[in-house]
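I have placed the structure first, in the form of structure tokens, so that the comments after it can refer back to it.
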Amino acid sequence: MSPTTTPPPAPVAAPTSKGAKRSLMSSLMDATALLRSSSFKEDSYVAAALPASELRALADLKALLATHPDPISIWGVPLNPRSPPAAADDAAPVDERADVVLLKFLRARDFRVRDAHAMVLRCAAWRAEFGADAVLDEELGFKDLEGIVAYMHGWDRDGHPVCYNAYGVFKDRDMYERVFGDGDRLARFLRWRVQVMERGVRALTLRPGGVNAIIQVTDLKDMPKRELRAASNQILSLFQDNYPEMVARKVFINVPWYFSVLFSMISPFLTERTKSKFVIAREGNVAETLYKFIRPELVPVQYGGLSRTGDLENGPPKPASEFTIKGGEKVFLEIDGIEAGATITWDLVVGGWDLEYGAEYVPAAEDSYTLCVEKTRMVSATAEEPVHNAFTAREAGKMVLSIDNSGSRKRKVAAYRYFVRKSSA
């Protein structure tokens, strides 16, 4: 059996509770407009786009670093190359990555050259003492936390790698004691957290015009705020001092009512520039918020997306189509042009669910009967898994998926994708 390309499902209007009609296409347009209104523009590292004052600061910082007798390298980027050219016309190659790295330190210190210079030296000293360049190859004993507590997964709509953080597992006292029970355990956890961050840095280009920062998504659901206060403060301080401007956007999801208290505790450790990148999403708005920055096929299933563990091991996933469902609305997705013997597989997810879903197959022949593939059922708001199903057609026809939000007044974001494989016969 081999995959075949089929046209996208035709938009089908569905009556709402008020008797109006609205097509899937208008829902898709709504989702696109929502994304445009939330676009994010990252600072440029291209020299031609920088004002003269910033270019002067960059030149001054390079001059200061050139006075150091020992080589300084951060993230594998030499910041003060010590090899002079052999002859006047044999100039040493310039590593354009150095400009990107130095601009990060300058921006973290509002282009105060001497402050940025001191920050570079402290960071280089910390990396040497900590052994940051070798941490990626270490086995730190946290295999059971990978993919749960802190992990890199996919990328956002602009190509930034995405790091997810979730500390809710530490509400379990045994788990908390195993990881944070004493100073040595806490130190090992911090080392593991640096290891995850170094993976994110390795995924960056660190070149002008390239992808030079990551997106961080932090899940605050069930986070034991008091117990993790010491670890959180150390992580924040460590990253702010040694990974400047490495985060393009910080998204907090499942934000509880006490977040304002938590934020007041960590706020002194953050620069105004860092705080300006924050996005807040309360429980129930997670998928809608993440879809603004990350395509649904790359959002993990537990956050209202279609991406499961291991999905990215074989390359980029098939893109999903996005749409919105208004309160009181019912939408039909028609996947037409299915041949006899073909197998159709589909994935569907709705942020915040709490609606009815069903699927049926409608044969093309007028004398054939419609088949119920999935009986209409209520999908609760707590559902963490998307719909995933497959059906082999005995005769040509179309698959119709129904999403009924008539019982809710809340608009919801949704995404789906499908694959059709013809019979080998």
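Each residue takes its place number in the sequence, starting with 1.
Listed by chain and residue number, Phe142, Phe189 satisfy the ring-ring contact (aromatic ring centres under 6.0 Å, His included) test with Trp192 (two or more places apart in sequence, or in another chain). Among residues two or more places apart in sequence or in another chain, the salt bridge (charged side-chain N to carboxylate O under 4.0 Å, His left out) test is passed with Lys171 by Asp222. Judged as a side chain to side chain donor-acceptor pair (under 3.5 Å), and not counting sequence neighbours, Glu360 has no contacts. For Arg202, the salt bridge (charged side-chain N to carboxylate O under 4.0 Å, His left out) criterion is met by no residue, not counting sequence neighbours. A search for side chain to side chain donor-acceptor pair (under 3.5 Å) contacts involving Arg122 returns nothing, not counting sequence neighbours.
Taking both residues in full, the closest heavy atoms of Leu298 and Ser307 are given as C-CB, 3.8 Å, listed atom of the first, atom of the second, then distance. The minimum heavy-atom distance linking Pro317 with Leu312 is given by the pair CD-CD2, 3.6 Å. The shortest heavy-atom contact between Glu198 and Tyr243 is OE2-OH, 2.5 Å.
Cation-pi check for Arg191 over Phe130 is met; the charged atom lies under 6.0 angstrom from the ring centroid and within 45 degrees of its normal.
Here Tyr176 and Phe170 keep their ring centres 6.0 angstrom or further from each other.
Within the structure, ring pair (Phe, Tyr, Trp, His ring centres under 6.0 Å) contacts touching residues 389-410 (residues at least two apart or in different chains) are Tyr361-Phe391.
Inspection of the Ser402 and Lys330 side chains reveals no N or O donor paired with an N or O acceptor under 3.5 Å. The closest side-chain donor-acceptor pair between Asn165 and Tyr151, if any, does not fall under 3.5 angstrom.
A donor-acceptor pair is defined here as one N or O able to donate and one able to accept, closer than 3.5 Å; no such pair exists between the side chain of Ser237 and the backbone of Asn233.
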